[in-house]
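Structure record follows, encoded as structure tokens.
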2 protein chains.
Amino acid sequence: MYLQIKMKTKEAIITLMKASSCVTETLCQALKPFGISLQQFNVLRILRGQKGNAANLSTVQERMVNKMSNTTRLIDKLIDKNFVKRSICKENRRKIELFITEKGEALLKAIDPVVDECQETIIQKLEPNGKNNLVRLLKQLTK
Amino acid sequence: MYLQIKMKTKEAIITLMKASSCVTETLCQALKPFGISLQQFNVLRILRGQKGNAANLSTVQERMVNKMSNTTRLIDKLIDKNFVKRSICKENRRKIELFITEKGEALLKAIDPVVDECQETIIQKLEPNGKNNLVRLLKQLTK
DNA sequence: ATACAATATTTGTTTATACAAATGTATAAA
DNA sequence: TTTATACATTTGTATAAACAAATATTGTAT
């Protein structure tokens with residue numbers, strides 16, 4: 001009785017991991033031709049979301065899906081490729097200001113339809129109204 | 001209209017990633033005191049599931065949650081710690097046979113209650129019958 | 001037998017990640 | 001004004017991952 005509840009719990013956890021791993025895998029493959037990692041792509045999208053306003057490193061970190069310990073070096077790579085610009089905040093010289101460049105915007109514009117279609121393909125597999133139910137349930141897990 | 005459908009799709013994907021990342025993070029923390037990674041833990045559980053029978057490397061790879069390119073070195077680490085034994089298959093010398101050791105079984109016995117509780121805590125946050133619905137929906141994504 | 005392809009695992013190398021400690025800057029207290 | 005504390009980011013280092021190429025073994029066709 002208790003054992004069965006436990007088993008359902010295990011199944012739920014493992015199914016979640018597998019689904020996420022499967023989606024990540026698919027997205028990474030889709031991004032490969034663009035020479036950018038999923039993490040880098042997400043950071044670029046965060047910067048685009050700023051609509052011209054600067055984002056601090058700490059802000060980016062907070063909004064990342066996978067909080068990682070070394071966002072500096074991840075952004076270094078985006079700067080090397082000229083997708084991101086970095087400058088020191090004048091009001092508080094401890095902070096840095098991050099912007100997406102035009103080249104970065106152009107890259108996202110090229111990637112968007114590919115990723116969008118990829119995501120649609122994945123989510124289409126859900127039963128009718130599955131999307132809303134899934135979102136509701138998943139959100140319960142993270143609070 | 002179409003835009004809204006797209007947004008829901010994006011939300012579903014991001015929510016899935018976040019939930020999974022959150023669960024992984026929690027599990028990794030729980031495993032830390034035991035000096036073993038989540039991947040290593042999963043491999044150990046696969047080997048325990050063999051109930052004395054050998055598992056080949058390729059079998060282990062197939063069953064892993066995150067298919068990774070280098071299971072050899074992951075298992076090397078488990079062997080270094082004496083949690084796993086490796087030998088060459090006599091029938092087919094290309095294959096290797098993997099077994100969990102007694103020390104490995106003992107480790108899992110110590111870890112099990114910790115991870116179980118951890119998983120229960122996570123899943124308890126779901127609405128009534130959420131567990132079954134979540135599993136059903138997530139499974140739709142991976143096929 | 002001999003050569004060739006298929007299978008199973010390992011190794012080399014490059015890149016990414018985690019974690020702790022270090023650096024530089026701002027704020028507050030003595 | 002010095003000292004201490006908090007904050008924001010960076011760097012050092014050890015470990016892990018991705019990917020391709022290499023090795024070893026088996027099966028199969030000539």
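Throughout, a chain's letter reflects where its sequence line sits, starting with A, and its residues are numbered from 1.
Rounded to an integer number of Å, the gap from B/Ile79 CD1 to C/dT10 C1' is 12 Å. Per the geometry, NZ belonging to B/Lys81 stands 11 Å off P belonging to D/dT15, to the nearest Å. Going from atom CZ of B/Arg73 over to atom P of D/dA20 covers 14 Å, rounded to whole Å. We find that CD1 of A/Ile88 is positioned 17 Å from P of C/dT23, with the value rounded to whole Å. The separation between B/Lys90 atom NZ and D/dT26 atom P is 14 Å, rounded to whole Å. In this structure, B/Asn66 places its CG atom 14 Å from P of C/dT17, rounding to the nearest Å. The interatomic distance linking A/Met68 (CE) with D/dT9 (C1') rounds to 14 Å, in whole Å. Rounded to whole angstrom, the span from the NZ atom of A/Lys67 across to the P atom of C/dT17 amounts to 15 Å.
Close to D/dT10, at under 4.0 Å from its OP1 or OP2, lies a side-chain N or O of A/Arg86. Residue A/Arg93 has a polar side-chain atom (N or O) positioned under 4.0 Å from OP1 or OP2 of C/dT25. Applying the 4.0 Å criterion to OP1 and OP2 of D/dT9, one finds that A/Thr71 has every side-chain N and O outside that range. For A/Lys95, no side-chain nitrogen or oxygen approaches OP1 or OP2 of D/dC7 to under 4.0 Å.
Checked by atom type and distance alone, the side chain of A/Gln140 pairs as donor or acceptor with a backbone atom of B/Glu127 at under 3.5 Å.
When Watson-Crick and G-U wobble pairs are counted only if both distances are under 3.5 Å, C/dT25 pairs with D/dA6. With a cut-off of 3.5 Å on both Watson-Crick or G-U wobble distances, the partner of D/dT26 is given as C/dA5.
Within the 4.5 Å cutoff, the side chain of B/Ile123 has heavy atoms near those of the A/Leu141 side chain. In this structure, the side chains of B/Leu57 and B/Lys95 stay at 4.5 Å or more apart for every pair of heavy atoms. The side-chain heavy atoms of B/Thr24 and B/Leu38, taken from C-beta on, include a pair separated by under 4.5 Å. No side-chain heavy atom of A/Leu98 sits under 4.5 Å from any side-chain heavy atom of A/Val43.
The side chain of B/Ile96 lies closest to C/dT10 when the candidates are C/dT17, C/dA16, C/dT10. If you check D/dT26, D/dT10, C/dA26 against the side chain of B/Asn92, the one that comes closest is D/dT26.
Across all strands, A/Thr72 comes closer than 4.0 Å to base atoms (heavy-atom distances). Base engagement by B/Ser69 is indicated by at least one non-hydrogen atom pair under 4.0 Å involving a base atom.
Nucleotides of DNA chain D nearest to B/Glu91 and A/Asp76 differ in position, and the one nearer the 5' end is that of A/Asp76. Toward the 5′ end of DNA chain C lies the nearest nucleotide of A/Leu74, the other residue of the pair A/Leu74 and A/Arg94 mapping further downstream.
Inspection of the A/Glu120 and B/Thr9 side chains reveals an N or O donor paired with an N or O acceptor under 3.5 Å.
Looking at residues 26-57 of chain A, you'll see A/Lys32, A/Asn56, A/Leu57 sit with a heavy atom under 4.0 Å from some atom of DNA chain D.
Between A/Gln40 and the choices A/Ile75, A/Leu31, A/Leu74, the side chain to side chain contact (heavy atoms under 4.5 Å, CB included) rule is met once, by A/Leu74.
A salt bridge is absent between B/Glu25 and A/Lys67: the closest approach of a Lys/Arg side-chain nitrogen to an acidic carboxylate oxygen does not fall below 4.0 angstrom.
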